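Please read the structure below before turning to the comments.
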Amino acid sequence: MSFLKKYKLPLLWLRRHTSSREFMLISSALVGFTAGMAAVILKTIVHYLYIMLAYGGRLLDRPVLLVILPIIGILLTVLVVQLFFKGKVEGGTAGILYSIAQKSSIVRRSKMYSYVITSGITAGFGGSAGLESPIVVTGSAIGSNFGRSYHLNYRERTLLLACGAAAGVAAVFNAPVAGVLFAVEILLTDISISAFIPLMVAAVVGTLCSTLTLDEDLLFFVEKINDFYAGNIPFYMILGALTGLISVYYTRTVHWIEHIFEPLASNVYKRALIGGLCLGLLIMLFPPLFGQGYEAIKLLQHDNADLLLKDSWLNFFGTNEWVVLCFAGALALVKVVASTLTLVSGGKGGNFGPSMFVGAFAGFFFSKFVNLTELGNVPINSFTMVGMAGILSGVMHAPLMGIFLIAEITGGYALIIPLMIVSATSYAVVKYFEPYSLEAKKLAQKGQLLTHNKDATVLRIMKIRHLIETEFQPVSPEATLRELVDVIAHSRRNLFPIVNAQGTLEGIILLEDIREIMFNTSKYDTVKTKELMVKPPVLVQYDDSMADVMKKFDESGAWNLPVVEGEKYLGFVSKSSIFTKYRKLLIKTTNV
């Protein structure tokens with residue numbers, strides 16, 4: 001017996017001898033542990049690669065290496081993807097949303113490890129991307145495939161997928177509440193109270209994995225902040241509006257750069273070289289862009305922002321406070337470009353970490369500006385951390401997760417009021433300009449995103465290929481009325497497709513339209529079906545979305561519509577089969 005079967009036996013026994021709820025709790029703990037350890041492995045790989053390349057022997061004292069290392073990392077990533085994963089390591093968090101909406105929460109098994117390998121190479125060699133999205137993908141894949149192994153249904157599989165993501169986020173930041181809220185706000189569109197328990201179990205187990213195995217310097221940890229003064233609330237409101245506008249800039253810049261690189265999609269190595277070179281030159285001007293950037297955030301926290309210029313060619317301007325201020329403001333903007341270049345050129349990672357970087361520098365820039373201009377006297381470290389919540393809320397459309405993540409990172413809830421103000425203001429500003437988050441925007445434009453609208457959600461899950469009815473008897477356009485009557489006599493349907501020898505649908509015949517002539521035997525051998533057929537009111541294409549299909553039913557008033565792929569006839573789809581499938585899916589997807 002193989003090792004895998006031996007491993008599965010105890011769980012199969014538990015599956016048979018425990019209730020569904022009990023098995024889900026056990027499963028959530030196991031998924032949380034596995035996802036948590038995956039996060040630990042990824043963080044460790046990247047940390048030691050980063051230390052070796054960035055600080056071993058002060059390699060960054062040689063600016064040319066700032067150009068070369070990211071290019072090497074991106075090329076290695078592309079090579080690994082092409083050789084070992086057949087060019088298919090795509091999606092990020094958006095891919096998980098797509099899997100939930102369009103693939104019944106089934107995630108490819110390779111994603112349980114492909115993102116750990118590829119994002120580790122990218123970030124370890126200085127790629128300006130975050131590890132949180134790869135960890136979310138890895139955890140989600142672990143949860144999804146655990147559910148598949150034990151034949152769990154869609155609701156249970158989706159919940160375990162979310163448990164894996166929650167455990168991954170919780171492990172990275174030592175923040176279990178933020179992990180749960182990430183799953184609730186970003187992945188799950190409909191959730192019951194009972195589903196919170198497995199999510200919390202997974203998040204706690206994931207947090208324990210990182211707490212017990214990782215040193216503090218591998219976790220993003222800052223000193224506890226307690227300085228909140230109610231008189232600074234107006235400044236926090238302005239910061240919220242500022243981070244909201246920067247979030248809009250972030251989202252639109254990402255899509256703009258992606259559009260520029262679209263023509264290079266077919267040549268992955270050329271794209272890697274061009275994107276990697278642009279990234280390297282940008283990092284040479286702004287060294288804090290090298291890697292995830294959490295070290296730079298810690299410099300802001302310890303009021304050592306002048307050290308940001310140490311390795312930059314821009315340090316010839318000096319390191320007075322105004323130069324540092326401008327440099328920090330520029331970093332907040334160019335980080336978006338750097339992280340997008342990393343990803344579009346073939347590197348693997350996500351926008352979660354870069355969002356935190358941008359938020360920290362935006363908060364620092366604003367508070368430093370207020371203090372230098374003597375408009376007020378605000379605590380820079382507090383505004384730096386609160387700015388992170390503002391960008392997370394705006395870019396990810398997850399204000400609760402942003403609030404509690406920063407609260408947990410800072411070791412308490414002293415900043416809860418400014419966190420709520422900044423996150424809510426940023427989110428309100430962003431929603432005015434961008435109704436969807438960065439990750440969800442493309443899926444929404446294609447109609448592939450789950451929403452809180454249950455009708456739309458169910459329709460997006462439904463697929464035409466599962467609803468095609470093929471028992472309609474096709475008839476040749478050259479067939480005689482006699483042959484048609486013989487087909488009718490042996491059919492239970494009242495609709496007959498007229499299909500030529502090439503398989504193309506030429507028309508349809510309705511029984512009620514020929515009822516009179518079919519009893520006129522004198523015309524049996526003189527009238528052909530092509531003389532009796534009519535054009536169908538509308539055709540349904542094989543790749544039409546269910547929303548488009550329902551619109552065609554409404555406009556035509558028909559009860560059955562023919563389905564074609566190009567011009568080839570495939571069968572019919574009926575309202576009754578759609579309604580039956582809709583009801584089953586509605587029950588299946590309600591109250592995850």
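All values below were derived from every heavy atom in this structure, side-chain atoms included, with hydrogens, water molecules and symmetry-related copies excluded. What you are looking at is a predicted structure, and each value in this text was computed from that prediction instead of being measured.
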Task: Heavy-atom closest pair, residues V40 and S210 - done: CG2-CA, 3.8 Å

Open item on the list: Looking at every heavy atom in both L343 and A129, which two are closest together, and how far apart are they?
Closed with: CD2-CB, 4.0 Å

- [ ] Walk me through it: do V336 and I246 pass the test side-chain contact (heavy atoms from CB on, under 4.5 Å)?
- [x] CA-CA 10 Å; V336 180; I246 293 174; 5.8 Å; no

Open item on the list: Walk me through whether L279 and I71 qualify under side-chain contact (heavy atoms from CB on, under 4.5 Å).
Closed with: CA-CA 8 Å; L279 173 64; I71 296 176; over 6 Å; no

Open item on the list: Would you say that more than 12 heavy atoms from the other residues, nucleotides or ligands in this model lie under 6.0 Å from the CZ of F33, or not?
Closed with: no

Open item on the list: Quick check: Y436 with H397 (ring centres under 6.0 Å apart)?
Closed with: no

Task: Heavy-atom pair of closest approach, residues S28 and C163 - done: CB-SG, 3.9 Å

Open item on the list: side chain to side chain donor-acceptor pair (under 3.5 Å), that's the test. Do T207 and N174 meet it? Break it down for me.
Closed with: CA-CA 5 Å; T207 303; N174 195 24; 4.9 Å; no

Open item on the list: If you define the side chain from C-beta out and look only at heavy atoms, does anything of R252 sit under 4.5 Å from V248?
Closed with: yes

Task: Non-hydrogen atoms of L331 and F357 that approach each other most closely - done: O-CE2, 3.9 Å

Task: Euclidean distance, T158 OG1 relative to E156 CD, rounded to 0.5 Å - done: 10.0 Å

Task: Contact check, side chains of I391 and M356, non-hydrogen atoms, under 4.5 Å - done: no

Task: Qualifying residue for side-chain contact (heavy atoms from CB on, under 4.5 Å) with L392, from S355, P399, S426 - done: S355

Open item on the list: I need the minimum non-hydrogen distance between L187 and A165, along with the two atoms involved.
Closed with: CD1-CB, 3.4 Å

Task: L188 side chain reached by L199 side chain, heavy atoms, under 4.5 Å - done: yes

Task: side chain to side chain donor-acceptor pair (under 3.5 Å) assessment of K111 paired with T138 - done: CA-CA 6 Å; K111 288 191 175 183; T138 302; over 6 Å; no

Task: From F23 atom CZ to L152 atom CG, the distance as rounded to the nearest 0.5 Å - done: 6.0 Å

Open item on the list: Between T425 and V422 (side chain of the first, backbone of the second, donor and acceptor by atom type, cut-off under 3.5 Å), is there such a pair?
Closed with: no

- [ ] Kindly say whether P354 contributes a backbone atom to a donor-acceptor pair with the side chain of S339 at under 3.5 angstrom?
- [x] no

- [ ] Mind checking the CD1-OG1 spacing from I72 to T122? Nearest 0.5 Å is all I need.
- [x] 13.0 Å

TODO: Check whether any side-chain heavy atom of I406 lies under 4.5 Å from a side-chain heavy atom of V386, and answer yes or no.
DONE: no

- [ ] Ignoring hydrogens and angles, tell me if any N or O in the side chain of E185 forms a donor-acceptor pair with the backbone of M401 under 3.5 Å.
- [x] yes

Task: Closest non-hydrogen atom pair, V46 against G120 - done: CG2-CA, 3.7 Å

Open item on the list: Is the ring pair Y113/F85 parallel, tilted or perpendicular, if the boundaries are 30 and 60 degrees?
Closed with: tilted

Open item on the list: Within the structure provided, determine whether S144 and L160 are in side-chain contact (heavy-atom separation under 4.5 Å).
Closed with: no

- [ ] Say whether, by atom type as modelled, one donor and one acceptor occur between the side chain of S128 and the main chain of L289 under 3.5 angstrom.
- [x] yes

Task: R157/S105 under side-chain contact (heavy atoms from CB on, under 4.5 Å): CA gap, chis, key distance, verdict - done: CA-CA 7 Å; R157 194 165 55 246; S105 293; 4.3 Å; yes

TODO: Could you tell me whether a side-chain N or O of N145 sits under 3.5 Å from a main-chain N or O of V107, the two making a donor and an acceptor?
DONE: yes

- [ ] Determine yes or no for a side-chain-to-main-chain donor-acceptor pair under 3.5 angstrom, with Q292 supplying the side chain and G130 the backbone.
- [x] no

Task: Step-by-step side chain to side chain donor-acceptor pair (under 3.5 Å) determination, T77 to T118 - done: CA-CA 5 Å; T77 302; T118 55; over 6 Å; no

- [ ] Could you tell me how the ring of F146 sits relative to the ring of Y150: parallel (under 30°), tilted (30 to 60°) or perpendicular (over 60°)?
- [x] tilted

Open item on the list: If you take the centroid of each ring, where Trp contributes its six-membered ring, are F173 and F352 closer together than 6.0 Å?
Closed with: yes

Open item on the list: To the closest 0.5 Å, what do you measure between CD1 (I74) and OH (Y269)?
Closed with: 14.0 Å

- [ ] Report the C-alpha separation of I117 and K348 in whole Å, then their side-chain angles, then the decisive distance to 0.1 Å, and conclude whether the side-chain contact (heavy atoms from CB on, under 4.5 Å) test is met.
- [x] CA-CA 9 Å; I117 298 169; K348 299 303 173 184; over 6 Å; no

- [ ] Starting at OH of Y413, measure out to CG of L419 and round the result to the nearest 0.5 Å.
- [x] 10.0 Å

Open item on the list: Closer than 3.5 angstrom, by distance alone: can the side chain of S423 be matched with the main-chain N or O of M420 as a donor-acceptor pair?
Closed with: no

- [ ] Could you tell me the separation between the OH atom of Y154 and the CD1 atom of I106, rounded to the nearest 0.5 Å?
- [x] 10.5 Å

Task: Y250 backbone acceptor or donor facing T253 side chain under 3.5 Å - done: no

TODO: Measure the shortest side-chain to side-chain distance between I283 and P70 over non-hydrogen atoms and say whether it is less than 4.5 angstrom.
DONE: yes

